[in-house]
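Owing to the predicted nature of the structure, the values given are computational and were not obtained by experimental measurement.
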Amino acid sequence: MKISCLFFCLLSMCWLYLTPTTGNKILQFGPCTISMNVNEIRASFRAIKATIQAKDAIRTISILSYPYSLHNFNSADRCCIIHHLLRFYVDKVFKHCETEDSHVNRKISSIANSFLSIKKKFRKCNEQNACNCGEEAIEKYKQILTNYGQLNIASAAMKSLGELDILLDWMEKAH
């Protein structure tokens, strides 16, 4: 009996050491803690970034960048803004990003599925710990929507996708 327990323990330890890590990071947004694989999203984005940004002919408008930067939020507003941004990317951006390149479309779909999964996790947390939106968060989100609305839907979606690294950087630094 002791030998079988010892064998089971050794087998379990070997399995743990040989199993690749998932790459998930735990990110904190106000009262919500979300586990997500940022490296996988970044890898998919890196594979298509040049193609997506090459399609962006309008360089004078930015959706997420300065002066409406995501980097100047107090911790209480992070929960609110990430809730809005996840919904924004899932509902407005990914639905309108399509190219002639099937490889790029698959990468976009992979990123969109990751965001949908994160959005579902976040919705569960938000239902339990309602995120309060301060005035600054509401104003910055409205400005993001205004920037998005200045372009036609396809151009705005591609520009927003091309700025995904700005959002990912903010998400990782915000926790």
Side-chain angles (χ1 to χ4, degrees), residues 12-53 56 62-97 103-134 136-138 140-141 143-145 147-148 157-175:
S12 297
M13 287 176 56
C14 289
W15 181 78
L16 285 174
Y17 283 112
L18 295 176
T19 303
T21 59
T22 62
N24 282 352
K25 288 189 177 186
I26 307 296
L27 305 179
Q28 184 77 38
F29 301 101
C32 293
T33 302
I34 305 297
S35 171
M36 60 184 279
N37 193 330
V38 179
N39 294 334
E40 182 179 292
I41 296 170
R42 281 192 187 279
S44 292
F45 179 62
R46 260 191 314 275
I48 62 171
K49 182 178 179 177
T51 302
I52 296 300
Q53 290 181 344
D56 183 6
S62 176
I63 308 296
L64 299 177
S65 291
Y66 183 84
Y68 313 104
S69 174
L70 297 175
H71 298 283
N72 298 321
F73 280 98
N74 65 47
S75 60
D77 283 340
R78 287 184 187 129
C79 180
C80 167
I81 198 68
I82 195 64
H83 169 73
H84 286 299
L85 288 172
L86 288 170
R87 193 173 67 209
F88 170 76
Y89 269 85
V90 170
D91 296 344
K92 290 188 178 285
V93 175
F94 296 125
K95 286 184 179 182
H96 301 289
C97 287
H103 170 73
V104 172
N105 289 338
R106 282 192 305 274
K107 293 295 183 183
I108 293 170
S109 180
S110 173
I111 296 167
N113 287 336
S114 294
F115 267 64
L116 187 58
S117 174
I118 296 163
K119 182 183 168 198
K120 286 179 183 178
K121 292 176 191 176
F122 194 81
R123 183 176 48 224
K124 288 178 186 177
C125 177
N126 195 24
E127 288 170 359
Q128 297 168 355
N129 308 296
C131 294
N132 296 317
C133 294
E136 181 184 13
I138 292 168
K140 285 190 178 192
Y141 183 65
Q143 187 60 54
I144 289 168
L145 292 177
N147 294 347
Y148 186 87
M158 284 297 183
K159 180 174 281 295
S160 298
L161 180 59
E163 295 181 1
L164 188 64
D165 52 349
I166 295 169
L167 177 61
L168 295 173
D169 288 346
W170 175 78
M171 290 170 78
E172 287 188 291
K173 288 177 185 170
H175 76 281

So which atom in [X] and which in [Y] form the shortest heavy-atom distance, rounded to 0.1 Å?
X: Asp77; Y: Asn132; value: OD1-O, 4.1 Å
X: Lys107; Y: Ala47; value: CE-CB, 4.1 Å
X: Val93; Y: Ser160; value: CG2-CB, 3.5 Å
X: Ile48; Y: Val104; value: CG2-CA, 3.8 Å

Would you say the side chain of [Y] lies within less than 4.5 Å of the side chain of [X], judging by non-hydrogen atoms?
X: Phe88; Y: Ile63; result: yes
X: Ile81; Y: Trp170; result: yes
X: Arg78; Y: Leu27; result: no
X: Leu86; Y: Ile82; result: yes
X: Ser62; Y: Glu163; result: yes
X: Asn105; Y: Ser109; result: no
X: Lys159; Y: Tyr148; result: no
X: Leu164; Y: Leu161; result: yes

So if I apply the side-chain hydrogen bond (donor to acceptor under 3.5 Å, both in side chains) rule between Arg42 and each of Asn37, Asp165, Asp169, which one comes out positive? Asp169

With sequence neighbours excluded, tell me which residues meet ring-ring contact (aromatic ring centres under 6.0 Å, His included) with Phe45. none

Point-to-point distance, once rounded to the nearest 0.5 Å, from OH of Tyr89 to CG of Leu167: 5.5 Å

Take atom NZ in Lys92; do more than 12 heavy atoms of anything else shown fall under 6.0 Å from it? no

Answer yes or no: is there a donor N or O on one side and an acceptor on the other, between the side chain of Gln28 and the main chain of Gly30, under 3.5 Å? yes

Could you walk me through whether Cys79 and Cys32 pass the disulfide (SG to SG under 2.5 Å) test, one step at a time? CA-CA 7 Å; Cys79 180; Cys32 293; 4.1 Å; no

